[in-house]
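Structure first, then comments.
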Amino acid sequence: MELEALLHKEELTKEEIAALLGLTDKKERQRLYDAAYAVKLKYIGNVDHYRGLLEFSNRCIKNCRYCGIRRGNEAVERFDTSREDILAMARWAYEQHYGSLTLQSGERQDPEFIAFVEEILREIKEIGGGALGITLCVGEQTEETYRRWFEAGAHRYLLRIETSNPALYARLHPQDGHHEWTVRRDCLLTLKKIGYQVGTGDMIGLPGQTLEDLAADILFYKKLKIDMIGMGPYVVHHQTPIGRAVMAEGGDSPAAREHRFILGLNMIAVTRLCLKNVNIASTTALQALNPFGREFGLKAGANILMPIVTLPRYRKQYLLYDNKPCVGDSPDQCRNCLEARVHSIGDRIGWDEWGDSPRYFTDHRLSAEKPGIAEEQEQ
Ligand code: SAH
Ligand code: SF4
């Protein structure tokens, strides 16, 4: 089918999605990004929203084979941000008119951690009389924990499925019974059941990942009626098993990084074409591969930015991947730099607004507890 027809087709098949994701020609890619930006204008407008990203601890019980703060990386100095510092940064974000905060950390499931997060949520909710929207991104938890945090004030949750292909997922994680694709998928279903706005996403350009895998990821988001997408290119971390293997095979060359960057933009654009009224983040990982990565992401259909508000003294210790940008910056610098970037592409910032996913209010509930695609993928 002609590119123009594909860009305006109502329901794309998996093969058609894969064909769009595989575009490499510069002019064709520009047509894809323009079409996606037009869909963003129609369903969202030329407005982008901020979620101040507070990476409050790098302690993690998991050992994901791609991640720089995995439990097994002994070169990492572990940190916890104090309650006072978290609240001070939340108040700072509120005073900067950010509208929303994302609390992210490594995964912990112990009672102290659960209670700590619950208390922090209640206290952040007191700032400005509940002015800040809160997204949590702290991994897999029980239904009871998710409920406690929802009741304490978190209303969005981000848990990337990483890949919708269980076999690829198994290669990226240790086979120790604690890194199960089905458990992660079920967490997403639980979060939806509780009433969170649910975000998921993948890493793009993983070793062994095909265009069909990425197309299946988009169909997975669609089947699960996901409200928010947070995805980004895979970026090598040199102290990880996957990072070392990729480097040994020459997979971290400038050309390979450029390829992953383009795939990342294509994924944003095609996801916007397919899902229309969801929130899509233009993530920091894009900028790790290209200095203007996040602006390109907004122009390809993304509408969410996550300026880092992590305390400067901890930023060097929260490196999920190499060359993470903004590590030497202060929150003030991140605010001004991002504002200039948004204006440079003709968008504006929705200051003081939560910027919820429009999708959540129109089509959130799943008809059955476990949608067909998840069952199919288990077989
Ligand atoms: N521990 C939580 C949240 C922090 S990790 C969790 O895992 O859900 C947040 C995200 O960082 C992960 O979902 C993963 O997609 C991403 N990430 C980790 N290592 C990465 C890498 N090397 N390149 C790109 N993204 C990475
Ligand atoms: Fe921990 Fe998340 Fe990194 Fe996995 S991706 S090791 S759960 S911080």
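Whatever order the structure lists ligands and atoms in, that order sets their numbers, starting from 1. All residue numbers refer to positions in the sequence shown, counting from 1.
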**Study point:** Heavy atom of A285, distance to ligand 1 below 4.0 Å
**Key:** no
Review point. With a 4.0 Å cut-off on heavy atoms, is R184 touching ligand 1?
Key: yes
Exercise for review: Write out the residue and atom name of the closest protein heavy atom to atom 17 (N) of ligand 1, then the distance separating them to 0.1 Å.
Suggested key: M203 SD, 4.0 Å
**Study point:** Nearest protein heavy atom with distance in Å, relative to atom 16 (C) of ligand 1
**Key:** R160 NH1, 3.6 Å
Study note, to complete from the structure: In ligand 1, the atoms that come under 4.0 Å of a heavy atom of C137 are 3 (C)
Point to revise | Backbone or side-chain N or O of V235 under 3.5 Å from ligand 1 N or O | key: yes
Check your understanding: Which protein N, O or S atoms does atom 4 (Fe) of ligand 2 have within a distance shorter than 2.8 Å?
Key -> C64 SG
Exercise for review: For the pair W149 and Y157, name the ring-plane relationship: parallel under 30°, tilted 30 to 60°, perpendicular over 60°.
Suggested key: parallel
Review point. H155 pairs by ring pair (Phe, Tyr, Trp, His ring centres under 6.0 Å) with which of F150, W354, Y196?
Key: W354
Check your understanding: Do the charged groups of D25 and R29 touch, with an N to O distance under 4.0 Å?
Key -> no
Check your understanding: Would one find an N or O of Y66, backbone or side chain, under 3.5 Å from an N or O of ligand 1?
Key -> yes
Review point. Are any of the side-chain heavy atoms of H238 and Y321 separated by less than 4.5 Å?
Key: no
Review point. Between K276 and E10, is there a side-chain N and carboxylate O pair less than 4.0 Å apart?
Key: yes
Check your understanding: With a 4.0 Å cut-off on heavy atoms, does H237 reach ligand 1?
Key -> no
Exercise for review: Enumerate the atoms of ligand 1 whose separation from the nearest heavy atom of P233 is less than 4.0 angstrom.
Suggested key: 24 (C)
**Study point:** Verify atom 6 (S) of ligand 2: protein non-hydrogen atom under 4.0 angstrom away
**Key:** yes
Check your understanding: Linking I/L/V/M/F/W/Y whenever any side-chain heavy atoms sit under 4.5 Å apart, do L319 and L289 land together?
Key -> no
Check your understanding: Is there a heavy atom of Y318 sitting under 4.0 angstrom from any atom of ligand 1?
Key -> yes
Review point. Is any side-chain heavy atom of I308 closer than 4.5 Å to a side-chain heavy atom of L54?
Key: no
Point to revise | atom 15 (O) of ligand 1: the protein heavy-atom neighbour that sits closest, reported with distance to 0.1 Å | key: E162 OE1, 2.6 Å
Check your understanding: Going by distance alone, is a donor N or O of one side chain under 3.5 Å from an acceptor N or O of the other, for N279 and D227?
Key -> no
Practice item. Using a strict 4.0 Å cut-off to heavy atoms of Q104, name the atoms of ligand 1 that fall inside it. Key: 3 (C), 4 (C), 9 (C)
Check your understanding: In the protein, which heavy atom is nearest to atom 4 (C) of ligand 1, and how far is it?
Key -> S105 O, 3.5 Å
Practice item. Answer with yes or no whether G201 contacts ligand 1, where contact means a heavy atom under 4.0 Å from a ligand atom. Key: no
Practice item. Counting heavy atoms only, name the option from I69, L320, L158, L159 that's nearest to atom 5 (S) of ligand 1. Key: L320
Exercise for review: Show which atoms of ligand 1 fall inside a sub-4.0 Å distance from at least one heavy-atom site of Y234.
Suggested key: 22 (N), 23 (N), 24 (C)
Point to revise | R160/D202 ion pair, N-O < 4.0 Å | key: no
Point to revise | Face-on cation placement of K299 at Y37 ring, 6.0 Å and 45° thresholds | key: yes
**Study point:** Salt-bridge present (E118, R122; N to O < 4.0 Å)
**Key:** yes
Point to revise | Main-chain N/O of S164 paired to D217 side chain as donor or acceptor, under 3.5 Å | key: yes
Review point. So does E77 pair up with K316, basic N to acidic O under 4.0 Å?
Key: no
Exercise for review: Could you tell me whether a side-chain N or O of K62 sits under 3.5 Å from a main-chain N or O of C64, the two making a donor and an acceptor?
Suggested key: no
